[in-house]
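In what follows, a structure is listed as structure tokens, so that the remarks can point back to it.
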Amino acid sequence: MGDSPGRTRHIDALVVGAGFGGIYALHKLRNRLGLDAVAVDKAGGVGGTWYWNRYPGALSDSESFVYQYSFDRDLYEQNPWRTKYVTQPEILQYLNGVVDRYRLREHFRFETGVTGAEFDEDSGTWTVRTDRDLEFRCRFLVTAVGLLSATNLPRIPGIEDYRGRVVHTGAWPQDLDLTGKRVGVIGNGSTGGQVITAIAPVVEHLTSFQRTPQYTVPAGNRELTAAERRSHRENFEDNWEQVRNSSVAMGFEESAVPTFSVSAEERERVFRRAWDEGGGFRFMFETFSDIATDPAANEEAAAFIRRRIAEVVEDPEVRRKLTPTGVYAHRPLCDSGFYETFNRPNVSLVNVKETPIVRMARDGIVTDDGTVHELDVLVCATGFDAVDGNYKRVDIRGRDGKLLKDSWADGPTSYLGLATSGFPNMFMILGPNGPFTNLPPSIETQVDWITETVRHMLDTGISWMDVDPETEAAWTETCADIAGQTLFPQAASWIFGANVPGKKRTVMFYLGGLKDYRALLAEESSAAYPGFAKVTCSPVPAASGPA
Ligand code: FAD
Ligand code: NA7
């Protein structure tokens, strides 16, 4: 883009992030509103999650026909995905194709991290600093910084003495080949499950360090039949209508049948069919209506999975360590042979609650029974400082110089996951207390709403809009109320910020489903944004205006 060092670029809108959210936001702001919009990402290219997470086995757990954009039927029809789920290289290629198709590439700046942003009330503009000796002055700041993006690394004493390599799955080095190596993997969530299953056949030895056993069901990945692919294309409108009018937006009808309204034999049949067909969300939400809300129903599903583990895992001690006992209330997982992997002779399992990691030595991990687990590479599949992690790493100052970090000291909040009080014209994609769903349809919903809101401001001469603090507090309460009606808060997961040491446990999602969420957004915009204070500066700062 030919920016000279130290230059301030005056633009209409800055988008931060080049994942699903940032790409679509840039497309809408430039190609629909005709704004001078630029996007930056600290990554070296497009893709967000799918740029960073290049670990072996990286795969979507949303089904491919809904893990993509729906805003352009032609784009959808040209998409060549042939399997039930999609791999990281395929998604990365798809997103690069989207960027080229809509002529967006020249408007991205990569390897450019945003370090700070400050809002000026008088001019109604944001000044955004980067690590590149380049700053932006813009009216609209759209943050698409990712909710599973800021990596969470375990703090292990002596890590600096270790002479092997330490990697996080969310920052996977492109040159790493694990073939024939002794590899340790800390973590057994969605990512840990994928990487363990993928690398076990190629490494010399794999040691899996697990803190909490997980419930996971088969993914059932397979080639889609020609009839399925045709049906996805031909039923485009109906499928996406169904997705937008569902709760988790995964492309299936959520069950309305309570677990105990059917006989024990029927329950077994339904669970068995879901197990054989595959899919974590299907197992939790397509089988019965109350697995995520009723403890007894939840236990029925959990017991079914425990019985399958007992059938699969041969060694009684390994089986005991792999078998979860608590509530089934993490983000539902699916896998490509996770439990079977622990029958391999080159795979061992350490339960780090029973035998904690005490330190790292030159050659590997030392556990408190005195064992040195010798490792050439340590893989941390330890997840993310989810939702607000990337916001806390940037110095964002809103009205009266207030720091976002301080504003969120008791946990991140927002109105509708889109905006937070005191930070006018900063629109978040997948901000705190946004919908908990398959994410592309929620991202599209939010970007469409942001685009219409910006259009409204341009049309009506509003300079900036700021969420009313009471509206935000009410939304936080709504999200807490809904979460409280589910079993999800009972599991210590990233959904509630419970996975990072020292992080305050709090509600971070709207669990009311995409259908209701979309209705709330429509209400807010059709009533001319009652949840926001609106200010007109004099003179109104110039923007390019709608094309
Ligand atoms: P991201 O794709 O995370 O992009 C955010 C970008 O912002 C990053 O590239 C980052 O570098 C950049 N950024 C952050 N801070 C700054 C800064 N200060 N300056 C500059 N750039 C910055 N969701 C599903 O719905 N289904 C799935 O199957 C699924 N599978 C997943 C598998 C993995 C391994 C992971 C980690 C996540 C998965 N997700 C899944 C969630 C996934 O993150 C979303 O689906 C989606 O990709 C999010 O897009 P995004 O654009 O909002 O954020
Ligand atoms: P998750 O789901 O947060 O899983 C992280 C895993 O790492 C989990 O097993 C954790 O155990 C474990 N962990 C984290 N820190 C430690 C330490 N310090 N010691 C031992 N074990 C640790 O992250 P993922 O990347 O798997 O998945 C995140 C989302 O991305 C997923 O839901 C998909 O949407 C894609 P714990 O359970 O906390 O005891």
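We count ligands from 1, going down the list as the structure has it; atoms in each ligand are counted the same way. Heavy-atom basis, side chains included; hydrogens, waters and symmetry copies ignored.
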Looking only at protein heavy atoms, identify the closest one to [atom] and say how far it is in Å.
atom	result
atom 18 (N) of ligand 1	Val114 O, 3.1 Å
atom 20 (C) of ligand 1	Lys42 N, 3.3 Å
atom 21 (N) of ligand 2	Ile186 CG2, 3.6 Å
atom 42 (C) of ligand 1	Thr49 OG1, 3.5 Å
atom 53 (O) of ligand 1	Gly146 CA, 3.2 Å
atom 28 (O) of ligand 1	Asp61 N, 2.6 Å
atom 52 (O) of ligand 1	Leu430 CD1, 3.4 Å
atom 39 (O) of ligand 2	Thr212 OG1, 2.4 Å
atom 28 (C) of ligand 2	Trp494 NE1, 3.6 Å
atom 31 (C) of ligand 2	Ser190 CB, 3.7 Å
atom 51 (O) of ligand 1	Gly21 N, 2.8 Å
atom 34 (C) of ligand 1	Tyr55 OH, 3.3 Å

Taking a cutoff of less than 4.0 Å between a non-hydrogen atom of the residue and any ligand atom, is [X] in contact with ligand 1?
X	value
Ala144	yes
Val394	yes
Thr112	yes
Gly113	yes

Show which atoms of ligand 2 fall inside a sub-4.0 Å distance from at least one heavy-atom site of Thr191.
24 (P), 25 (O), 26 (O), 27 (O)
In ligand 2, which numbered atoms sit nearer than 4.0 Å to a non-hydrogen atom of Phe384?
25 (O)
Answer yes or no: is there an ion pair linking [X] with [Y], defined by an N-O contact shorter than 4.0 Å?
X	Y	value
Asp388	Lys503	yes
Glu63	Arg282	yes
Arg397	Asp395	yes
Lys28	Glu444	no
Arg222	Glu277	yes

For [atom], which of [options] has the closest heavy atom?
atom	options	value
atom 31 (C) of ligand 1	Tyr67, Trp50, Tyr51, Trp172	Trp50
atom 7 (O) of ligand 2	Gly189, Gly383, Ala381, Ala498	Ala381
atom 34 (O) of ligand 2	Arg155, Lys353, Arg331, Gln210	Arg331
atom 6 (C) of ligand 1	Leu95, Val248, Val40, Asp41	Asp41

Output yes when the distance from some N or O of ligand 1 to some N or O of Phe20 is under 3.5 Å, and no in every other case.
yes
May I ask you to check whether Leu439 has an N/O atom sitting below 3.5 Å from an N/O atom of ligand 1?
yes
For residues [X] and [Y], establish whether the separation of their ring centroids is below 6.0 Å.
X	Y	value
Tyr67	Phe20	yes
His27	Phe71	yes
Phe236	Tyr76	yes
His168	Phe384	yes
Trp408	Tyr391	yes

Note: Ile291 and Leu487 closest approach over all heavy atoms is O-CD1, 3.6 Å
What pair of heavy atoms forms the shortest contact from Ile396 to Phe423, and how long is it?
O-CE2, 3.7 Å
Do the side-chain N and O atoms of Arg105 and Asn96 include a donor-acceptor pair separated by under 3.5 angstrom?
yes
For [X], is at least one N or O under 3.5 Å away from an N or O on ligand 2?
X	result
Gln214	no
His330	no
Arg211	yes

